[in-house]
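Down below is the structure, laid out as structure tokens.
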Amino acid sequence: MSKRQGEMSCEAGSRNLRHHLQKQISLRTERRLCGRTHEEALLVNSYYASLTTNANSPATKIIISGESGMGKSVLAETLRQSVSEDDGFFIRGKFDQSLEYGSAYSVIASAFDEFIYILEKRGDASWNEVANPLRHEIHKTDHRQILFEAIPSLRRIFEGRRGGATVCIGGSSSEDLSNSNRSLNETTAEVRSSHTKLHYLMKKFIRIVSSVGDPIVMLLDDMQWANASSLDLLKTLMLSARNPFIFMFTMRPVQKDHPFYQLIYAHEETPACLTEIELRGLSEDAICELTSMQLGIPESKSSRCRPLSDFLCRVTNGNPLYIRQQIISLFDDGMLCFDGNEWTWNIAAIERAGMLSGDIASMVSDKIKRLPPHSQHVLKICACIGAEVDFNILGILVRKTSEHYKSDGNDNDNETIARREIATSVQEGLVVEKDNGVAFVHDAVQGAAYSLLPADEIPSFHLSLGRILQKNLNSALLQRYLFTVANQLARGRNLIPEAERINAIHIFLRAGDEESKMAAFVEATFFYEKGLSMLLDQDWRNHYRLSCEIHMRTAEIAVLNGAYDDVDRLLDVLFLNTKGSVDDQLRATYIKVKKFASLEKAGEGVDCSIQALDSLAGVKIPTRNVTMHSLIALAKTRRLLKGIDVTSILKRPPIVEKHMKTTLRLLNLLATLSVNGRTEMLPLIVFMIVQLNMKYGLSTAMPTGGIFIVIVFFALYR
């Protein structure tokens, strides 16, 4: 054997040995949790206590807190076996720091995806035990659709399909703004109702699911990054679920005024239902046990590890993740060797070297820097996209950002490219393959990979990823990964070139609309405002419809968020720039009246509506001699309806004229306001609604008029 061949053989042997050490540490950590006996007992006791509690009691909540790397998720996962043995469901979701603004309920949805997956595996009896009462209780098509928007996998239960795939984001993939105008306007106008209905339906859903009898443990990781809409929905779930449903949360230490803690303590009426477990650094004995276990040293010889474990205790503060990584680093630095029988080390040399790294983040960063440049590049891409990345997305980004794939005409599919380029990081234990993608083993690794990006290059790097995806995804995939694209563009928004500015605004508008469909007000506002910030004054001339729509929808959401100063600012812009469109002026007025309604200023809302209907739509509503005008309108309405039955009315074609639709929406709102503001005007307004519907076609305002007509006619002919 040549000298070079010998060197290569040694290098290969070292790599194999390192991989073996990495795998050994990983497997032994999964199989056994060291130094957490007290915490494990608290967790298990809380679980079994919930099973013996009255079924009508509030659901149990368990909070596991601790610094990054302390083993919060590992401790929580120890409960999975017990739940499985009790024929229960252990379901999990994880919040992602890099996706604060994404699909609003995706984390909760992913947990219920797992619930449905387990349910499918159990056969027809278990499936029907959940599916039948759900189908019976939630039978309206529009109600089911609201649930599907938030949790797509629920479609399988209601439509009787098992094992089917679900799409992350619902709705049309059409990019033609004018074609989608009508449906989106109606959606945002009724978003408050959708929000209320979603929470009402989720109450029904969680009560049925938690009444089946089998324990359900929902683990939600990293609650410090939970978005506002998820917390809002979580409140509904916690207040509605009953034992044996258990909510288990992990989170890093945060202030007690954090929104999650405010949610927990504001609604925790029974302290016995709440268990808090705080994880601190491991003790010296626990670190010695952990070190011996990870190096495969028998318990009878564990004292041999004491000098090494004492050193690890000093430099890691008892952080289990840090300890595991430090052992790997000692091997990389030649201070930990395998002599063919056992691991050996020179503690004096290790002590002279001192602290290997200042903290877990810098240590993992150093580890990543030792990887080949292309592997570092792939990890940076993954860190920007999120804690988990689909192979399809990763393959596209690697193909388009790597000089190797740009130049050699490689025709491998995206998944093959992604698997090949991430393989080194998988071997190093930084990421793991998961389903059809890859996931960081810990958020500390994701943070370390992200920190390798120079601060001044972060916006441009995000933008480059967003632009690549926007250009290389077909319409269906762009819809599926819409939030991924929108988030990348948002982080590089200030660098978007003029030629791509309008397309980016369209992406933000679509992302805001998807959040709006799910009644996720905060998240919708984030995307709408990103689009608004990129508009220029001349866009009202060159891109009128886009400018108008994003202002309208932002204003409607601002009303729902109670941001009334923003509403006034947006309406000023709308009234100034929409003077050429009666329909858009009426829509803006509708938003203004909704603001008055939210502020409980019914009188001002009535006055504003009457003035706008007169000046813009030509619909005059008398404000004097109201009783006389109401009787005249009643007589006219009776003549219109004479000889016409309800079936004939319902068969009338829908209204076509855009401005008349908006007029009737405003009249409908005016009828509602008049109940509190000008009660004497209500009959007159409703008669006008019926007359306009009979003349122009049916609209969403007709039910209000129809109900009132029945009441009036009943009173007259009683």
Side-chain angles (χ1 to χ4, degrees), residues 36-66 72-95 105 107-108 111-112 114-115 130 199-200 202-224 226 228 230-279:
R36 301 298 189 198
T37 306
H38 174 67
E39 291 84 354
E40 280 189 88
L42 274 176
L43 182 62
V44 172
N45 289 341
S46 180
Y47 167 67
Y48 283 113
S50 71
L51 300 187
T52 59
T53 305
N54 188 293
N56 291 322
S57 301
T60 297
K61 293 93 177 172
I62 302 172
I63 302 174
I64 304 174
S65 62
K72 301 181 292 294
S73 300
V74 177
L75 174 62
E77 280 285 345
T78 61
L79 202 56
R80 185 183 288 272
Q81 183 63 33
S82 297
V83 175
S84 178
E85 291 172 354
D86 291 330
D87 292 328
F89 299 80
F90 190 99
I91 59 180
R92 183 174 181 177
K94 177 179 171 61
F95 289 98
Y105 309 116
V107 174
I108 294 174
F112 283 118
E114 193 171 356
F115 171 79
V130 174
H199 285 250
Y200 167 73
M202 287 303 293
K203 282 182 182 180
K204 281 190 169 186
F205 169 75
I206 201 68
R207 282 190 180 277
I208 291 171
V209 165
S210 60
S211 66
V212 170
D214 295 328
I216 302 173
V217 176
M218 175 186 275
L219 168 59
L220 297 178
D221 271 319
D222 291 321
M223 290 303 299
Q224 72 274 6
S230 291
L231 288 174
D232 191 31
L233 184 59
L234 187 59
K235 177 176 71 173
T236 296
L237 295 177
M238 288 194 298
L239 290 174
S240 305
R242 290 293 178 263
N243 273 329
F245 199 107
I246 300 168
F247 294 92
M248 183 159 51
F249 309 104
T250 72
M251 66 186 305
R252 295 183 186 180
V254 295
Q255 297 296 321
K256 290 300 182 181
D257 61 353
H258 186 278
F260 171 69
Y261 275 127
Q262 290 182 340
L263 169 63
I264 289 293
Y265 294 130
H267 298 281
E268 188 48 58
E269 299 174 357
T270 311
C273 294
L274 175 64
T275 300
E276 296 188 72
I277 302 173
E278 182 181 2
L279 297 187

From CA spacing to verdict: side chain to side chain contact (heavy atoms under 4.5 Å, CB included), Thr78, Arg36: CA-CA 11 Å; Thr78 61; Arg36 301 298 189 198; over 6 Å; no
Trace of the side chain to side chain contact (heavy atoms under 4.5 Å, CB included) decision for Gln255 with Tyr261: CA-CA 8 Å; Gln255 297 296 321; Tyr261 275 127; over 6 Å; no
Side chain to side chain contact (heavy atoms under 4.5 Å, CB included) between Leu237 and Ile108, intermediate numbers included: CA-CA 10 Å; Leu237 295 177; Ile108 294 174; 4.1 Å; yes
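Atom OH of Tyr200 sits in a sparse spot, with 12 or fewer heavy atoms from other residues, nucleotides or ligands closer than 6.0 Å. The number of heavy-atom neighbours closer than 6.0 Å to NZ of Lys203, taken from other residues, nucleotides and ligands shown, is 12 or below.
Relative ring orientation between Phe112 and Phe115 is described as perpendicular, the plane-to-plane angle rising above 60° on a 0-90° scale split at 30° and 60°.
When atom types are taken as modelled, the side chain of Ser230 and the backbone of Tyr105 share no donor-acceptor pair closer than 3.5 angstrom. Judged by distance alone, with hydrogens and angles left aside, the side-chain atoms of Gln262 form a donor-acceptor pair with the main-chain N or O of Asp257 at under 3.5 Å. One N or O on the side chain of Lys72 and one on the backbone of Gly66 form a donor-acceptor pair closer than 3.5 Å. Thr52 places a side-chain N or O within donor-acceptor distance of the main-chain N or O of Ala49, the cut-off being under 3.5 Å. Under the 3.5 Å distance criterion, the side-chain polar atoms of Ser240 are matched with a main-chain donor or acceptor of Thr236.
For the atom pair Ile277 CD1 and Ile64 CD1, the distance stands at 5.0 Å (nearest 0.5 Å). In this structure, the separation between OG1 on Thr250 and CD on Gln224 is 7.0 Å, given to the nearest 0.5 Å. The CZ atom of Phe247 sits 10.0 Å away from the OG1 atom of Thr60 when rounded to the nearest 0.5 Å. Rounding to the nearest 0.5 Å gives a distance of 8.0 Å between CD of Glu77 and CG of Asp221. Taken from CD1 in Ile63 to CD1 in Ile264, the straight-line distance is 4.5 Å, to the nearest 0.5 Å. Rounding to the nearest 0.5 Å gives a distance of 6.5 Å between CD1 of Ile216 and CD1 of Ile206.
For the pair Arg80/Leu219, no side-chain contact is recorded, criterion being any heavy-atom separation below 4.5 Å from C-beta on. The side-chain heavy atoms of Ser73 and Arg92, taken from C-beta on, include a pair separated by under 4.5 Å. Counting heavy atoms from C-beta on, the side chains of Leu43 and Met248 come closer than 4.5 Å. Proximity of Leu274 to Tyr265: side-chain heavy atoms (C-beta onward) are separated by under 4.5 Å at one or more points. Side-chain contact between His199 and Asp232 is present, with at least one heavy-atom pair separated by less than 4.5 Å. Leu231 has its side chain within reach of Met223: a pair of non-hydrogen atoms, C-beta onward, lies under 4.5 Å apart. Between Val209 and Phe89, the closest side-chain pair of non-hydrogen atoms is not below 4.5 Å. Put simply, the side chain of Phe260 does not reach to within 4.5 Å of the side chain of Leu220, judged on heavy atoms.
Between Pro244 and Gly213, the closest heavy-atom pair is CG-O, 3.5 Å. Of all heavy-atom pairs spanning Glu278 and Glu39, the tightest one is O-OE2, 4.3 Å. Of all heavy-atom pairs spanning Leu239 and Arg207, the tightest one is O-NH2, 4.4 Å. Of all non-hydrogen atoms in Ala59 and Cys273, the two that sit nearest each other are O-CB, 4.0 Å. Contact record, Met218 with Ala111: CE-CB, 4.1 Å, taken as the closest heavy-atom pair. Nearest approach of Val83 to Phe90, heavy atoms of both residues: CG1-N, 4.0 Å.
If you check the side chains of Ser50 and Asn243, you find no donor sitting under 3.5 Å from an acceptor.
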